[in-house]
2 protein chains.
Amino acid sequence: MIENGFSFVEENYIKAVYHLNTQDGKPVSTNALADEMQTTAASVSDMLKKLSQKKVVFYQKYKGASISPKGKEIALKVIRKHRLWEVFLVDQLKFNWDEVHEVAEQLEHIKSPLLISRLDEFLGYPKYDPHGDPIPDEDGNFAQVKKEPLSVVEIGSSCQVIAVDDSSTAFLKYLDKMGISIGTKLRVEDKNEFDGSIDINLENDKSITVSPRAAENLLVATD
Amino acid sequence: MIENGFSFVEENYIKAVYHLNTQDGKPVSTNALADEMQTTAASVSDMLKKLSQKKVVFYQKYKGASISPKGKEIALKVIRKHRLWEVFLVDQLKFNWDEVHEVAEQLEHIKSPLLISRLDEFLGYPKYDPHGDPIPDEDGNFAQVKKEPLSVVEIGSSCQVIAVDDSSTAFLKYLDKMGISIGTKLRVEDKNEFDGSIDINLENDKSITVSPRAAENLLVATD
DNA sequence: GATACTATTTAGAATAATCTAAAAAAAATA
DNA sequence: TATTTTTTTTAGATTATTCTAAATAGTATC
C-alpha cells in the first residue's frame, strides 16, 4: 500500500506524532509513541528514522520527535477524513458515537480526493464530528472551539451543544425528552447550589432544568 | 493488515481466482492470474501455495487453481462490499459509472459487518450495482440475471434498463432527453432493418425510437 | 519419440514492518 | 560526582509480499 506516498502504518505514525506533539508542544518521546501505537520502542525508533528521512517529522536520536509542516499537512488530511467518515456513520448510517472509531480508523486511509470532497458536500460541509471535534477543511484549517461540559459554563452565557460524552441509550432518550440534540442553542440562566442542577433557556424560549449528571456529559461551545 | 483473517492482497487474489475460475469453470493458470493481478508468475506461484494451505483455493503444481467453498464465501463478501460501495458512490455521491471502480477497490477491504449491513439498508437493499452486476446478499446469494444490450432483445419482449456501457456525458444527456434511466421498463415494439434503430414502448405508454448506437450501450434484463 | 518451446516453479534477494535481546545514552539518585 | 535506573537505539531475526534469474515440467512439432 504505497500508491500515493505513505502506507497505512506510516499515516498512523504521522497522526500519532502530530497528536502527541500538538498536545504539549514538546517533542514526543519514543516510549510515549510506542504506548500510543501499541508497539515496542524499537519499532518506533526504526519508524522515526524513516519518517525523518521522508521529512514528515523532525527527529534527533534520544531527543524525541516533532511534526514537520509536511507531516502536519498529512496528519490533518487523515484527521479530516476520519472525522468526515464519523459524521457519515452517525448521521447517515445511524451508528452510535461510540461505535464509529474503529471503522473510521480504516476509512481514513482510503485515497481519493474526489471521494472526500463529495462526501463533505453530501454531509453538508459539517464543521464538527460527532464527538465535537472540529473537521479541518481541504487546506487544513479548522475552527478551534473550546469544547466544555455545560456544567462549567457561566450563568448568562450562550452556547451550542456540539457533542456528548455519554452515548448510552438512556442518556440519548433523556436528551430527546428534554428537546436537546446536537446543534441545540441555549443560554445558562441559573445554577442551583442545592443539587448542582442547571436552568437553561432553549431556542424556543422554553426554560428547563437539567441534572448535574447531564450537564457533565453535554459538551458545548460557548459563543 | 491481518486482523480479520485475510490481508488486502490475499483478498484480491481470492477474488481473482473466483472471477476467472467461475467464468469458464476450468482451473485458472498461473499466467492468467499473473495477468489479472498485474504481477509475475513467480509471485502468483508463491501466493497460490499459501492460499492453498489456508484452504481457500484448490491448487496442484502445474495444474492451476480453482476456488474452494471457503474461498467463494470470502470472494462473494468482498464482491458484495465492492458493489454496494459502487451504488453508494453513484447514487449518493454523484460519481459517474466509470469513476467508481478504483475507489471501490479500496473500500471493499474495509472490515466491518455492521458497516455493510447498515450501508445496504441505507441504500435500500439494491440488487444491482451501477454496471448492472448483481449484488450478493449476506449469504452470498444473488439473482443471476442475464444482462444484454437492448440491441439483441427480441421484438415483443419486455425488459428493464439495469445499466449502461457508455457513461459519457453525451450519452447520459441523450438518455435524459429520451426519458430513459436505470430502472426504466420498456417493451421492444419493432426493429428497423433500414438503420438498425429500435422502436420501444415506455412505461407511460409513450413510443420512441432509439438509435442502434444507443441500443448497443443500453444494458437490459429481460423478464 | 526426440527436440524445441512455453508455462510454471524454485532459489535467492529486496523492502516493509515488526519483534527480542543486548548495547548505549540520558536521567535520577545517593 | 559516581552509581543506578530508565529510556532509547542497534543488532539480528521473522513474516509478508514481491522480484529476477535459473531450473524444471508440460506441450507442441517434426
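Proteins get letters first, then strands, A, B, ... in listed order; numbering begins at 1 in each.
- Annotation: side chain to side chain donor-acceptor pair (under 3.5 Å) contacts of B:Lys147 (sequence neighbours excluded): B:Asp133.
- D:dT15 atom P lies 15 Å from atom CD of B:Glu10, rounded to whole Å.
- Here the P atom of nucleotide D:dA16 and the CD atom of B:Gln53 are 10 Å apart, to the nearest Å.
- Residue pairs that meet the side-chain hydrogen bond (donor to acceptor under 3.5 Å, both in side chains) test with at least one member in residues 64-73 of chain B, sequence neighbours left out, do not exist here.
- Atom P of nucleotide D:dA16 and atom CG of B:Leu51 are separated by 12 Å, given to the nearest angstrom.
- Qualifying side chain to side chain donor-acceptor pair (under 3.5 Å) partners for A:Asn217, counting only residues two or more places apart in sequence or in other chains: none.
- Ring-plane geometry between A:His82 and A:His101 is classed as tilted, the angle between the planes lying from 30 to 60 degrees on a 0 to 90 degree scale.
- Taking atom OH of residue A:Tyr13 and atom P of nucleotide C:dA16, one finds them 14 Å apart after rounding to whole Å.
- DNA chain C is contacted by no residue of residues 17-31 of chain A, taking any non-hydrogen atom closer than 4.0 Å.
- Checked against side chain to side chain donor-acceptor pair (under 3.5 Å), A:Lys81 has no partners two or more places apart in sequence or in another chain.
- Checked against salt bridge (Lys or Arg N to Asp or Glu O under 4.0 Å), B:Glu102 has no partners two or more places apart in sequence or in another chain.
- The salt bridge (Lys or Arg N to Asp or Glu O under 4.0 Å) search around B:Arg80 returns B:Asp120, not counting sequence neighbours.
- Side-chain rings of A:Phe88 and B:Phe88 approach one another, their centers coming within less than 6.0 Å.
- Annotation: side chain to side chain donor-acceptor pair (under 3.5 Å) contacts of A:Ser45 (sequence neighbours excluded): none.
- What separates CG of B:Asp35 from P of C:dT8 is a distance of 11 Å, to the nearest Å.
- Contacts between residues 37-49 of chain A and DNA chain D, defined by a heavy-atom separation below 4.0 Å, involve A:Ala41, A:Ala42, A:Ser45, A:Lys49, listed by number.
- Taking B:Glu99 as the reference, nothing meets the salt bridge (Lys or Arg N to Asp or Glu O under 4.0 Å) condition, with sequence neighbours excluded.
- Of all the residues in residues 55-68 of chain B, B:Tyr62 reach under 4.0 Å from DNA chain D with at least one non-hydrogen atom.
- Every pair passing side-chain hydrogen bond (donor to acceptor under 3.5 Å, both in side chains) that includes a residue from residues 16-33 of chain A is listed here, sequence neighbours excluded: A:His19-A:Glu36.
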